[in-house]
Colleague: 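What follows is a single structure, and I will ask about it in a moment.
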Amino acid sequence: MDAVAELISSAGQRLGPRAVITDRSEIEPWVTDWRGRLHGAARAMLAPASTDEVVEIVRLAAEHRVALVPQGGNTGMVAGATPPPDGSAVLLSMRRMNRIRSISADNRLAIAEAGVVLATLHDAAHEMGMRFPLTLGSRGSCTIGGLTSTNAGGTQVLKFGTMRSLVAGLEAVLPDGSVHDGLSGLKKDNRGYSLDQLLIGAEGTLGVITAVALRLVPDIARRAVAWAGVESAQRALELLRFLQARTDTVEGFELVPQDSLQLVLKHIPGTRAPLAGEHRWHALIEATTASPGTDIDAELQALLAAALQQGIIGDAVIAANEAQAESFWKLRDTISEAERAEGQTLAHDISVAVADMPDFIVDASEQVERAFPGTIASGFGHLGDGNIHFHVRAGAHAAPDWYEREGAEITRFVDDLVLAAGGSISAEHGIGQLKLGEFARLAPPARVHALRAIKHALDPLGIMNPGKLVP
Ligand SMILES: Cc1cc2nc3c(=O)[nH]c(=O)nc-3n(C[C@H](O)[C@H](O)[C@H](O)COP(=O)(O)OP(=O)(O)OC[C@H]3O[C@@H](n4cnc5c(N)ncnc54)[C@H](O)[C@@H]3O)c2cc1C
């Protein structure tokens with residue numbers, strides 16, 4: 001028996017058949033990344049139901065020197081949860097650890113196991129009059145463990161920050177099988193290095209997150225969602241600053257180019273453009289209040305009317321009801337899906353300083369389309385965070401080998417532009433496998449050295465998600 005077979009056999013004996021899946025048809029859907037770019041292989045998918053079972057599994061993996069690839073909803077964008085194609089690793093699915101251990105409005109905390117799906121946590125918090133203020137397009141399938149391990153952002157970062165600011169502490173099984181318990185949720189705890197923060201964004205390379213203490217805020221009493229047409233990305237940023245100077249209720253502000261909107265209308269059933277005329281750019285705005293007495297619709301309406309009068313926007317509409325508000329968000333949330341339906345797309349999740357972003361989008365798009373004629377470049381997303389998804393579609397170049405042939409060259413081109421603008425080649429999606437080469441090429445030596453030293457110190461056997469994040 002080889003090491004993987006020994007691990008599977010020992011895990012089966014100790015944990016029973018529910019925790020050790022070897023049926024190929026059950027494993028198959030989980031060995032390819034969400035974008036369908038990388039295909040891996042795994043002879044087993046281990047599915048623990050408790051922290052103790054994770055401890056067993058990690059100890060066995062260390063004993064047999066078999067790598068574990070932690071996985072939540074497999075919605076990550078950089079193939080961080082995709083096993084290598086040689087079958088040398090096994091999947092560690094956290095989806096059975098899906099209990100909300102506690103939720104307290106008084107403490108403003110929920111303790112959720114790693115496999116809890118984000119939408120489930122939203123519902124549970126809502127039932128208590130509370131809210132977990134992070135959301136994104138994959139909320140129906142991504143998990144708390146995955147969100148924490150990628151330090152996910154989403155559409156409310158403007159006001160509430162990324163997972164890093166919403167995690168009060170976590171529980172994790174470290175590569176030697178010991179359990180770090182940081183679930184107390186203490187606001188003040190200065191006992192040196194923060195293991196919790198180290199594990200946030202570690203992409204499963206330093207341990208397995210089993211539960212997370214999450215900060216809650218009072219539920220939204222009322223929200224207003226608006227769609228505005230603007231003539232440039234610069235105007236969109238002006239609109240954001242205009243609103244922020246007059247109200248603190250804006251918590252979502254997303255930039256959508258006309259090109260992306262058209263793709264959504266073409267590919268996503270049941271969608272329609274919110275505004276009658278054509279606009280080169282659009283802003284999706286969400287304003288919320290926890291106070292039932294505030295007429296947030298009227299407030300946003302008045303502000304948009306003033307912005308219209310000052311020539312900042314060309315037109316705007318406020319969602320008349322919740323269903324329409326959701327339909328506006330759907331237009332934003334399904335851009336990646338629409339692009340996937342259209343054909344080959346190279347995704348770059350990048351950030352530069354907020355004030356530089358409008359010019360960056362325009363300049364970088366022109367430069368890419370000039371250097372690679374026939375491609376179509378555009379940027380959409382979290383303008384107020386200085387983070388957009390800069391995507392390049394194959395367009396006229398579509399071919400089965402486009403990613404390999406031209407894709408890598410285009411990505412290097414884009415990443416060089418980002419670096420020259422003082423930005424980051426990964427704003428919120430992480431490094432995983434897909435960005436590892438570029439990270440190795442461009443990361444400052446001090447960062448790479450520290451990453452390697454930390455990885456080696458905590459995981460000397462290299463059993464936790466090797467080949468991801470650490471160059
Ligand atoms: C439609 C769509 C929209 C998205 N929008 C956004 C967005 O706006 N902002 C944003 O930041 N991201 C976005 N994402 C990507 C986002 O990273 C994922 O949705 C989410 O953070 C990953 O959760 P998951 O449970 O699917 O993790 P997976 O994809 O399963 O795993 C992601 C990484 O975390 C590791 N991991 C998973 N669980 C654990 C665990 N318990 N312990 C240790 N390591 C673990 C994996 O090994 C892998 O490296 C989007 C994705 C989709 C499909």
Side-chain angles (χ1 to χ4, degrees), residues 30-36 40 47-48 51 54 57-58 67-83 89 91-98 112-119 134-157 161-164 170-175 180 199-212 252 254 268 329-330 332-340 347 349 351 380-382 385 387-389 426-436 459 464-470:
W30 302 101
V31 294
T32 297
D33 74 297
W34 190 86
R35 287 186 180 278
T51 302
V54 177
I57 289 169
V58 170
L68 297 171
V69 179
Q71 190 179 78
N74 197 26
T75 66
M77 291 291 185
V78 288
T82 309
L91 275 175
L92 178 61
S93 167
M94 298 303 290
R95 291 180 292 277
R96 277 182 74 214
M97 285 194 67
N98 59 3
E113 289 187 341
V116 170
V117 168
L118 179 59
L134 181 143
T135 190
L136 34 73
S138 54
R139 60 187 163 273
S141 33
C142 66
T143 63
I144 296 305
L147 289 161
T148 307
S149 300
T150 59
N151 184 28
T155 47
Q156 259 67 18
V157 173
T162 61
M163 282 301 279
R164 217 175 263 295
L170 54 80
E171 176 191 90
V173 178
L174 301 178
H180 161 67
L199 284 152
I200 299 171
E203 300 184 25
T205 61
L206 297 180
V208 184
I209 294 173
T210 45
V212 186
E254 296 288 303
I268 308 296
W329 271 110
K330 188 173 178 182
R332 160 62 184 92
D333 285 343
T334 52
I335 294 176
S336 292
E337 205 178 316
E339 285 178 340
R340 220 162 47 143
D349 158 47
S351 63
F380 67 91
H382 324 302
D385 309 330
N387 167 208
I388 50 133
H389 303 304
S426 182
E428 57 177 13
H429 290 163
I431 299 296
Q433 299 184 70
L434 287 178
K435 291 199 175 186
L436 196 53
D459 182 21
M464 288 308 311
N465 216 4
K468 319 285 167 58
L469 176 60
V470 185

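Every value quoted in this text rests on a predicted model; they were computed, and no experiment measured them. Counting starts at 1 for both ligands and their atoms, following the listed order.
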Colleague: Checking Glu113 now: which residues fulfil salt bridge (charged side-chain N to carboxylate O under 4.0 Å, His left out) with it, not counting sequence neighbours?
Modeller: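 Applying salt bridge (charged side-chain N to carboxylate O under 4.0 Å, His left out) to Glu113 gives Arg99, Arg101.
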Colleague: Can you name the residues that come within less than 4.0 Å of ligand 1, going by heavy atoms only?
Modeller: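 Protein residues near ligand 1 are Trp34, Pro70, Gln71, Gly72, Gly73, Asn74, Thr75, Gly76, Met77, Gly80, Ala81, Met94, Ala114, Leu136, Gly137, Ser138, Cys142, Thr143, Gly145, Gly146, Leu147, Ser149, Thr150, Ala152, Gly153, Gly154, Glu203, Gly204, Gly207, Val208, Ile209, His382, Glu428, His429, Asn465.
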Colleague: Check step by step if side chain to side chain donor-acceptor pair (under 3.5 Å) holds for Thr162 and Asn151.
Modeller: CA-CA 6 Å; Thr162 61; Asn151 184 28; 3.0 Å; yes
Colleague: May I ask you to test the Val78-Lys468 pair for a side-chain heavy-atom distance under 4.5 Å?
Modeller: no
Colleague: Kindly write out the residues that satisfy side-chain contact (heavy atoms from CB on, under 4.5 Å) with Ala347, not counting sequence neighbours, or none if the list is empty.
Modeller: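 Result, side-chain contact (heavy atoms from CB on, under 4.5 Å) vs Ala347: Arg35, His391.
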Colleague: Indicate whether any N or O donor in one side chain lies under 3.5 Å from an N or O acceptor in the other, for Arg95 and Ser93.
Modeller: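 The answer is yes; a qualifying pair exists.
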Colleague: ring-ring contact (aromatic ring centres under 6.0 Å, His included) with His382: which residues, sequence neighbours excluded?
Modeller: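 For His382, the residues satisfying ring-ring contact (aromatic ring centres under 6.0 Å, His included) (neighbours in sequence not counted) are His389.
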